There are 2 protein chains.
Amino acid sequence: MTRTEFANLDPRIPVVAVDVAIFTVRGGELKVLLVKVKKRPYAGLWAFPGGIIRSDESLEQAAYRELAEKTGWRNVYLEQLYTFGDVERDRTRRAISTVYFALVNAEGLTLKTTEKYAGIEWFPVKKLPRLAYDHAGVIRYGVKRLRWKLEYSNVVWSLLPKTFTLTELQSAYEAILSKKLDKRNFRKKILSLKLLAPTGKMKRWGAHRPAELYRFKTRKPVIVKVL
Amino acid sequence: MTRTEFANLDPRIPVVAVDVAIFTVRGGELKVLLVKVKKRPYAGLWAFPGGIIRSDESLEQAAYRELAEKTGWRNVYLEQLYTFGDVERDRTRRAISTVYFALVNAEGLTLKTTEKYAGIEWFPVKKLPRLAYDHAGVIRYGVKRLRWKLEYSNVVWSLLPKTFTLTELQSAYEAILSKKLDKRNFRKKILSLKLLAPTGKMKRWGAHRPAELYRFKTRKPVIVKVL
DNA sequence: ATAAGTTTGTGTAGAAAATACACTAACCGT
DNA sequence: ACGGTTAGTGTATTTTCTACACAAACTTAT
């Protein structure tokens, strides 16, 4: 890492960084992954994982790298969210920071921490700790974007295992929108979008009727609504 | 300008630039403002006006500055669109470029050209010239975003004069969506959003019934649809 | 074997929103 | 006063959204 960071010491020359807002649904809640900052002046506050881009990678590649370093995931949904240009990342040098937005399925995932940070943790978007920079605003913006996407795209696949029941899918929607949905209406709507296909297999897991497993027909981003 | 550009000569250190995709509606068409590039290797191609940010301004300030330099406008709708990180702006240095998206009312506007460019012109988004970088993709993305905004916000105010008739408003919508709308349904819908207020004044301009002039109740961005 | 418990899966009626469609009102110029 | 032109309005139909309750399928305990 140090090897590829530039010897950019002129404080007027902007440093280019990439941050990743990684979202997941866990325990019925929408959560975001944050790291505890070690360096002053934000030491002790929480922030998105991220870092300065390398000379040989694009912004997107840098975002994927951060994601892989922290979660081990590669095949997830990632999109650019916003670029901050007036942030003084550490109050001494000008910084430009592009925030990416990722959706991961966190079941069975063990977080990889590094000595760079004092901690790494999932936080419910409704109960955030004190955040460094203006990351709280970014999270609100990201949640808004996610809710929009939910309505008219298939990006939720990234939050779920390969196959899932309609009830599981509905729970993910409910966590993200933070409201209860009607079971029959949800199914009618989601199936009418033609994004799902039944697998023919069943999920059995308790003393009750088993549930049909579905999968997304494609994991390429699809926009449903046409203008 | 030269004064404030950095003596950043290490080609691995990224240069931070801001571009502005300025849209307007003119002659019933949605148009975008482009400048003709002078410098190699893109000489002769068209691109968004833009430039390297100064050390004392935020990204947004830089975008406003570009906008004012090219059009003289200040009080318009401006929002961030996308940041490009893998562009090699002139194939010799790494560049990060954030594109902003502006909506202006171009009636009676004379474009201010500078010696930096070989030309400046409005182009219909449907008949674009050969573009430098991947700006064609950015325009498509911007148009998409604009169409979305149209459905659920009041940002069109930025394309229109302070007061306007419903027919003029409808024409702007038709130009942007590039389809005809039903007059009665359009009026019903747009008035139900409660974003407009009648001024009580009339526009008279031909041998026919005069039209009521409306204005937007507010020019602050309003999002109509709630999730 | 059957009854108790639990989750899956399904239809319909009413309300709200979107669409399709045509004529009168108001003005100017002659 | 009439011809030409754009502004302004209502209603019926279709589509989409919402609210709502019970039978089906399975496991476990008896």
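Since the structure is predicted, the reported quantities are computational estimates derived from the model, not experimental observations.
- A salt bridge links Glu69(A) with Arg65(A): the distance from a Lys NZ or Arg NE/NH1/NH2 to an Asp or Glu carboxylate oxygen falls below 4.0 Å.
- Less than 4.0 Å separates DNA chain D from at least one heavy atom of each of the following residues of residues 159-173 of chain B: Thr167(B).
- Shown here are the salt bridge (charged side-chain N to carboxylate O under 4.0 Å, His left out) partners of Arg184(A), two or more places apart in sequence or in another chain: there are none.
- Between Leu213(A) atom CG and dG9(C) atom C1' the separation is 14 Å, expressed in whole Å.
- One interatomic measurement links the two molecules: CG of Leu191(A) to C1' of dC17(D), which rounds to 16 Å at whole-angstrom precision.
- Remark: Thr218(B) pairs with no residue by the side-chain hydrogen bond (donor to acceptor under 3.5 Å, both in side chains) rule, at least two apart or across chains.
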Protein-proximity profile, nucleotides 20-30 of chain C, B/S/- by nucleotide at the 4.0 Å heavy-atom cutoff, equals BBB--BBBB--
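- Looking at heavy atoms from C-beta onward, Tyr77(B) lies out of side-chain contact with Leu159(B) at the 4.5 angstrom threshold.
- Distance, Ile190(B) CD1 to dG8(D) P: 14 Å, rounded to whole Å.
- Residue pairs meeting the salt bridge (Lys or Arg N to Asp or Glu O under 4.0 Å) criterion with at least one member in residues 70-80 of chain B, sequence neighbours excluded: Glu66(B)-Lys70(B), Glu79(B)-Arg145(B), Glu79(B)-Lys149(B).
- You'll find the ring centres of Tyr133(B) and Phe84(B) outside the 6.0 Å limit.
- Applying the side-chain hydrogen bond (donor to acceptor under 3.5 Å, both in side chains) test to residues at least two apart or on different chains, the pairs with a partner in residues 199-211 of chain B are Glu168(B)-Lys203(B).
- If you take CG of Leu196(A) and P of dG9(C), they are 13 Å apart, rounded to a whole angstrom.
- With rounding to whole Å, Glu151(A) atom CD is found 16 Å from dT16(D) atom P.
- For Phe216(A) and Phe164(A), the ring centers are positioned less than 6.0 Å apart.
- Rounded to whole Å, atom C1' of dT18(D) lies 17 Å from atom CZ of Arg187(A).
- Atoms NZ (Lys189(B)) and P (dT19(C)) sit 7 Å apart, rounded to a whole Å.
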